[in-house]
A.B. asks: 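Got a structure for you, written out below as structure tokens; questions coming shortly.
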Number of protein chains: 4
Amino acid sequence: VLVTHNETATGVRSDVAAIRRAMDSCNHPAMLYVDCVSSLASMDFRMDEWGVDLAVSGSQKGFMLATGMAIIGVSRKALAACETATCPRCFFDFRDMAGANAKGGFPYTPPLQILYGLRESLKMLFEEGLDNVFARHYRIAEGVRRAVRAWGLRLAAESPEIYSDTVSTIFVPDGFDSDVLTNHAFDAYGVSFGVGLGPMAGKAFRIGHLGSMTDVMALSGLSAIEMAMKDLDYPIELGSGVAAAQAYYRSTTGLALKQAA
Amino acid sequence: VLVTHNETATGVRSDVAAIRRAMDSCNHPAMLYVDCVSSLASMDFRMDEWGVDLAVSGSQKGFMLATGMAIIGVSRKALAACETATCPRCFFDFRDMAGANAKGGFPYTPPLQILYGLRESLKMLFEEGLDNVFARHYRIAEGVRRAVRAWGLRLAAESPEIYSDTVSTIFVPDGFDSDVLTNHAFDAYGVSFGVGLGPMAGKAFRIGHLGSMTDVMALSGLSAIEMAMKDLDYPIELGSGVAAAQAYYRSTTGLALKQAA
Amino acid sequence: VLVTHNETATGVRSDVAAIRRAMDSCNHPAMLYVDCVSSLASMDFRMDEWGVDLAVSGSQKGFMLATGMAIIGVSRKALAACETATCPRCFFDFRDMAGANAKGGFPYTPPLQILYGLRESLKMLFEEGLDNVFARHYRIAEGVRRAVRAWGLRLAAESPEIYSDTVSTIFVPDGFDSDVLTNHAFDAYGVSFGVGLGPMAGKAFRIGHLGSMTDVMALSGLSAIEMAMKDLDYPIELGSGVAAAQAYYRSTTGLALKQAA
Amino acid sequence: VLVTHNETATGVRSDVAAIRRAMDSCNHPAMLYVDCVSSLASMDFRMDEWGVDLAVSGSQKGFMLATGMAIIGVSRKALAACETATCPRCFFDFRDMAGANAKGGFPYTPPLQILYGLRESLKMLFEEGLDNVFARHYRIAEGVRRAVRAWGLRLAAESPEIYSDTVSTIFVPDGFDSDVLTNHAFDAYGVSFGVGLGPMAGKAFRIGHLGSMTDVMALSGLSAIEMAMKDLDYPIELGSGVAAAQAYYRSTTGLALKQAA
């Protein structure tokens, strides 16, 4: 069973623990594989507690590094299955890696610059504290969602329990083409938003909000897309989404309240 | 006569050419020295046309580099005067520099990293075109000024002909302390605004808007200071300044209009 | 038919053109695939002239970049075969890449930092001129080979026409363990030499000499391994290999001769 | 009294403590100022123990940083004298700096990038241990001196107690022009050696050996200058200086001996 923890196209979070419970409840022997590329180190993910057998992530999302390295977690059960599995392994085999690692090496040229970077990004994440990192992503994302509501637009994720905290997918109103919007935002304001993918092509755009990011950085993106929407005659009011996000960010910065007191 | 082209404390631009005209009209023999640290490469400055004898700037403003290098322009008249001048020269003498330069060297260890950087920043400035660089700074600054007006606040610079395009100094309303505001903006939102200097300490804050900068980056600063002002009960409306700047930026991006057509 | 152009373990260069001629002479329909990871952009390689159908290289060798990107050349014939081939393609398919490229995109997150770097390294290579790049690698490698001869040691590559210009594999004398040597060179002098691979483990070490490199950089490596060999009682004379390489480098720097004249 | 701790032109170290003792023995009230630009953090320097009142260094030598920041040590006595001194202070005044520092600021734009760098270089120096840093510089320098002796050349510093461990100034034989040598080394081998300064122009060249440096790096410089000297018909033997330095480096790496045992 392969589950995507955070679906990048739709901004929908899956309940991985529930899937494991369902598998267990019918005593299904399948392994649970999770794609957590766009969630790991930004949203809570619990490999052992949720019974995940294989988790795949990358260097370029929550770890705030350049692309170039896959990051994989594997359960003892999955490692053991590796010995008897018959699926073709043309590109990667845990045994090659484990064998070379045991001697202090790699089976091929390792991405040293990213390994050094990973040491630094882990240090940053642990200094902030994982709970704080997750809370920060939730807070930034919730501000974006408040802006979407203020614009009168609709998220692809239909209810709060499946909201992604790393990417929001937003439907444009009927009659508008989201590809025109994202192209225009880039051409006129130099800001790159995600396009709608697959069945949502032309119907939705995406705002990514993960990694080394602050509330003020989110506000700059909201400001830009507001201008682009207004340029294209979307029925929104300039500053409305920004103000909604600002109100939320103000109310949730403990420091702001304390200092203002 | 020493003139500051762009006064960093007040956000006021001086009319250097007019000062030269006044000096010429009374046949005054004084040299005209100009501090253009915070204007050169961001606002129009004309050494020869304005009859400037000595212009002093630095690497860390319009040239978008690290601090560490003064950049000096000197007229032939000033260079010649160097031979007979009697002022003490404990730190720098044009003759030492000219002598060493003539042999391909420097009279002391040169900041090589900044010299290489300068080559790159000049390339960037000339690729954009100086007129476009100046127009960009004006446009960004004017958006900030529209925001200030929307908040009901007042600039230190009292009329458009003396507005600086690289820094805006903004009075806070009576009864508020601008140092509390800038500290709070930094503590709560991680954004650093300039404090009021000298007689304006506690009475004004400053927004710098020069260098490698876009309209959207200005909007992020406006968003941040709006939140900070609101936290401190300033009588402003969230999103109001942002919306005023957005409206101006939209109306002045040729691309925006063209694409939207 | 899969050929390694430059064999990293042995420091042996294959004659790719001769292999193609052999294939053609018996009218064999096989494609010719070439691994040119450690030769491309350091040693002469001629895709079209030698009738290569698929060439695979990487960013981290002759292109002087970080690891993280494969660089692939493909003939029209191979591209066409792609349509009817039945081999499993779990990791990469030319058609995915070509389809996404045609729209200005990638089928997955591209390693942008390496793409920007590649633009710069290609600029460096073309500024130097490929013929000069190849001649530089030959000259540096030949100096290393002269040092090996001066030490009385033997290369794995047995004759000049198969010498690699990017890596030299050197047998240690009988009774010595090359792994002890490479470990000692690293521990005592901080210089990392390649270990003997496969059947040459313990019997040979390797000196890599490719990329952004000069004759003087090669001499520093030769100096280091000389000290390490002497420390371990190899029957060599300190400075002997360095002197042999110096003599060759002196005689082949046109500039040296010209200036000295 | 102004003393240069390490004289960059000659490679001579002064005995600062002895100068203080001489001053004290005649009860002279003068302050003791020391230029330790090219010694601090590479050679032992004891501000308090030697009774130094003002020590001046820079970021670009032993601190291994870019140019752009002076580093100054000042005794309480000198600080106090600052209050009554009448010398002109057009560029720097301790009181401006102390006043601004007390409020957490600087009297002018600080070189932030170098301040961050300094934190890192101090960390590196303290991790290695100052005694080890000094011992490393002595060892590298002594290897260079052994090479000079093997070439049959003469140091400007005439006896061991005044040898500098950060730069060696070496006389060329009569009838040779050291400027021709340094130019040729740069043109033919891309290695930059210091020229003879002042009365030693044309008569001596200099090898700098300070900062983040190893024995093997010193050997690469020795290899290069040997080739350049031979190209110009100096009466030296290729590899002779390198071998002398190698022999010394081998005998002084505790690790080498231990491993070889």
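Just so we're on the same page: letters track the sequence lines, and every chain starts at 1.
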A.B. asks: Looking at A:Ala243 and B:Gly239, what are the two nearest heavy atoms and their distance?
C.D. replies: CB-CA, 4.1 Å
A.B. asks: At a heavy-atom separation under 4.5 Å, does A:Val191 approach chain B through its side chain, its backbone, both, or neither?
C.D. replies: side chain
A.B. asks: Using a cut-off of 6.0 Å, state whether more than 12 heavy atoms not belonging to B:Glu128 lie near its atom CD.
C.D. replies: yes
A.B. asks: In sequence, state the C-alpha distance, the side-chain angles, and the governing distance for B:Ser220 and A:Met217, and then conclude on side chain to side chain contact (heavy atoms under 4.5 Å, CB included).
C.D. replies: CA-CA 7 Å; B:Ser220 77; A:Met217 290 163 78; over 6 Å; no
A.B. asks: Out of curiosity, B:Arg250 CZ to A:Glu226 CD, how far, rounded to the nearest 0.5 Å?
C.D. replies: 11.0 Å
A.B. asks: Check whether A:Thr214 gets within reach of chain B through its side chain, its backbone, both or neither, counting any heavy atom under 4.5 Å.
C.D. replies: neither
A.B. asks: Can you tell me which of A:Leu219, A:Asp215, A:Val216 forms the most heavy-atom pairs within a distance under 4.5 Å of chain B?
C.D. replies: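 The candidate making the most pairs under 4.5 Å is A:Val216.
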A.B. asks: How many angstroms lie between OG1 in A:Thr253 and CE in B:Met227, if you round to the nearest 0.5 Å?
C.D. replies: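 The OG1 atom of A:Thr253 sits 8.5 Å away from the CE atom of B:Met227.
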A.B. asks: To the closest 0.5 Å, what do you measure between OG (A:Ser251) and CG (B:Asp231)?
C.D. replies: 10.0 Å
